[in-house]
Amino acid sequence: MAIIWLIMLSASLGLMLFTDPAAAVNSMITGAHGAVELSLNLLALYAFWLGFFALIERLGLSRGLERLLRPVISRLFPSCDVETRKYITMNVSANLLGLGNAATPMAITAINRMDDGNPRASTDMIMLTVISATSLQILPTTVIGMRATAGSANPADFLFPSLVATVLSTLIGIIGVKICARIFDRPRRKKSAVISQSAPLGSISPTPTRKKLARTRRDACSRSARASARRANGKRPSSATSPRSSPPSDTTSEVVS
């Protein structure tokens, strides 16, 4: 992706420099000025909402928000623990307020907690990615701030179309993930069912680790040591009692006579 962007940027700059160098320089200066001005104007908005989310987490209100969204989150992410669902809830809350940049770190943290070492992404990871990309927004504060900065007469006049579009995109994304999960997870479930039916109960064991192998070797050595000790103890009484059971010697019989 970085190479594609580099090719597009180089081609556009080269075309502008060859066709109209003065306009190219003026457009770059104007774009840089506008980017800095927009960043400063959005700084207060992001500072307010990020501080708001930090205050929610410090006060423990994120747990209440997680309990409020628990029925939906538990159905969409059935294999996640409570801590991961808390980050997912914060991500969804940030997206509902239109703070996509604030929601991204929470989504990354939740996906890192979902990672179990499998090279393939799980269904919960894909679901969170789709929900973050479709970005269900009730109050798109970032877009409202950008429209207000650009001098719009009514920055929030698009709320209803935006709500309808984001609701439909989120629903379509969720349904698509569920359908794809049923289609692509079916061969995996069939394979696991065949393995569990063909193998007897308890015959399939996980791969032993180094600690288990070392413990098995120590147990085998201790068993062999105890067996050798038993054999040695079994030979000693027979050798000790053999002189007692031996008949008297000829010299003792001559003395008695």
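Just the heavy atoms: all of them, side chains too, but no hydrogens, waters or symmetry mates, feed the values below.
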Kindly indicate, with the supporting measurements, whether the criterion side chain to side chain contact (heavy atoms under 4.5 Å, CB included) is fulfilled by Asn118 and Met125. CA-CA 12 Å; Asn118 193 346; Met125 290 182 181; over 6 Å; no
Which residues pass the side-chain contact (heavy atoms from CB on, under 4.5 Å) test with [X], not counting sequence neighbours?
X: Ile108; value: Thr104, Asn112
X: Ile29; value: Val25
X: Ile126; value: Ala121, Val130, Val177
X: Val167; value: Leu136, Leu163, Leu171

When rounded to the nearest 0.5 angstrom, what is the spacing between CD1 in Ile131 and CE in Met127?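 CE of Met127 is found 5.5 Å from CD1 of Ile131.
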Residues forming a side-chain hydrogen bond (donor to acceptor under 3.5 Å, both in side chains) with [X], sequence neighbours excluded:
X: Asp81; value: Thr84, Arg113
X: Thr19; value: none
X: Asn91; value: Asn95, Ser132

Residue pairs involving residues 159-178 (criterion side-chain hydrogen bond (donor to acceptor under 3.5 Å, both in side chains); sequence neighbours excluded):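 side-chain hydrogen bond (donor to acceptor under 3.5 Å, both in side chains) check on residues 159-178 returns Thr134-Thr170.
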Linking directly or through intermediates, with side-chain heavy atoms under 4.5 Å: list the remaining ILVMFWY members grouped with Leu40, chain and number order.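 Listed partners: Val36.
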Whichever hydrophobic residues join Leu168 through chains of side-chain contacts under 4.5 Å: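 Members besides Leu168, by chain and number: Phe160, Val164.
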Quick one: which residue pairs count as a salt bridge (Lys or Arg N to Asp or Glu O under 4.0 Å) with a foot in residues 153-175, not counting sequence neighbours?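 Residue pairs passing salt bridge (Lys or Arg N to Asp or Glu O under 4.0 Å), neighbours aside: Arg147-Asp157.
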Once salt bridge (charged side-chain N to carboxylate O under 4.0 Å, His left out) is applied, do any residues pair with Glu83, and if so which ones, sequence neighbours excluded?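 Lys86.
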